[in-house]
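Heads up: the structure comes next, in structure tokens.
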Amino acid sequence: MFNHIGRKLKALAAAWGVIGIAGSIAAGVLLYLGKTLDLVWCIVIGVGGILLTLVGMMVIYGIGDTHVKLERLEDKLIPKPNYASYLNDNQALRGMCEICGKTTDLINAKIVDQFGTRYRKVCKECYAINNCQPND
């Protein structure tokens with residue numbers, strides 16, 4: 001759920017903009033058609049709602065865009081593990097499971113699923129649950 005949150009925030013900003021602008025215009029028109037307010041106040045409500053929506057949308061989009069850029073920067077600055085160095089002989093390791101995060105003895109596992117083939121250091125429970133194969 002919290003993976004790649006920047007892209008999700010950017011999508012939320014776009015949805016916020018569409019719904020907010022349409023809602024502001026609809027509110028202004030409905031208030032005018034219902035003879036609740038004068039035309040000037042209906043225009044003020046419509047335009048004010050659009051401006052507030054745009055400001056909120058820019059804030060949410062900016063946070064999402066910043067998060068996406070930070071993820072890219074993190075990918076460049078933090079080196080990825082070299083899986084070939086720990087995949088030999090399927091030795092027992094001690095550390096944090098790459099799936100559940102529990103610190104325990106780990107098994108070098110090969111996971112083949114709809115996402116393709118991945119190599120992970122996993123605990124015994126995650127090894128059984130994810131139908132892992134021993135690394136050859």
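Model, not experiment: these values are computed from the prediction.
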Pair I45-L37, side chain to side chain contact (heavy atoms under 4.5 Å, CB included): steps then yes or no: CA-CA 10 Å; I45 288 173; L37 296 173; 3.5 Å; yes
Start with the C-alpha distance between L54 and M57, add both sets of side-chain angles, then the distance that settles side chain to side chain contact (heavy atoms under 4.5 Å, CB included), and finish with yes or no. CA-CA 5 Å; L54 289 175; M57 184 176 70; 3.5 Å; yes
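Hydrophobic clustering places W41 together with L31 (ILVMFWY residues linked when any side-chain heavy atoms are closer than 4.5 Å, directly or through intermediates). Taken together through direct or relayed side-chain contacts under 4.5 Å among Ile, Leu, Val, Met, Phe, Trp and Tyr, V47 and Y32 form part of one hydrophobic cluster.
With rounding to the nearest 0.5 Å, the separation of CG in L30 from SG in C42 is 9.5 Å. We find the CD1-OH distance between I111 and Y127 to be 10.0 Å, quoted to the nearest 0.5 Å. A distance of 11.0 Å separates CD1 of I63 from CD1 of I5, quoted to the nearest 0.5 Å. Rounding to the nearest 0.5 Å gives a distance of 8.0 Å between CD of E98 and CG of L106. How far SG of C100 is from CD of E125: 7.0 Å, rounded to the nearest 0.5 Å.
Contact check for W16 versus T53: side-chain heavy atoms found under the 4.5 Å cut-off. The closest side-chain heavy-atom distance from H4 to E71 is below 4.5 Å. I21 has its side chain within reach of I25: a pair of non-hydrogen atoms, C-beta onward, lies under 4.5 Å apart. The side-chain heavy atoms of K121 and I107, taken from C-beta on, include no pair separated by under 4.5 Å. Inter-residue side-chain proximity for V68 and L9 is flagged as unmet; no heavy-atom pair is nearer than 4.5 Å.
Among V29, L51, L52, I50, the one residue that satisfies the side-chain contact (heavy atoms from CB on, under 4.5 Å) test with S24 is I50.
Taking all atoms of both residues into account, the shortest heavy-atom contact from I60 to A13 is CG2-CB, 3.8 Å.
In this structure, D65 pairs ionically with K10, as a charged nitrogen and a carboxylate oxygen lie closer than 4.0 Å.
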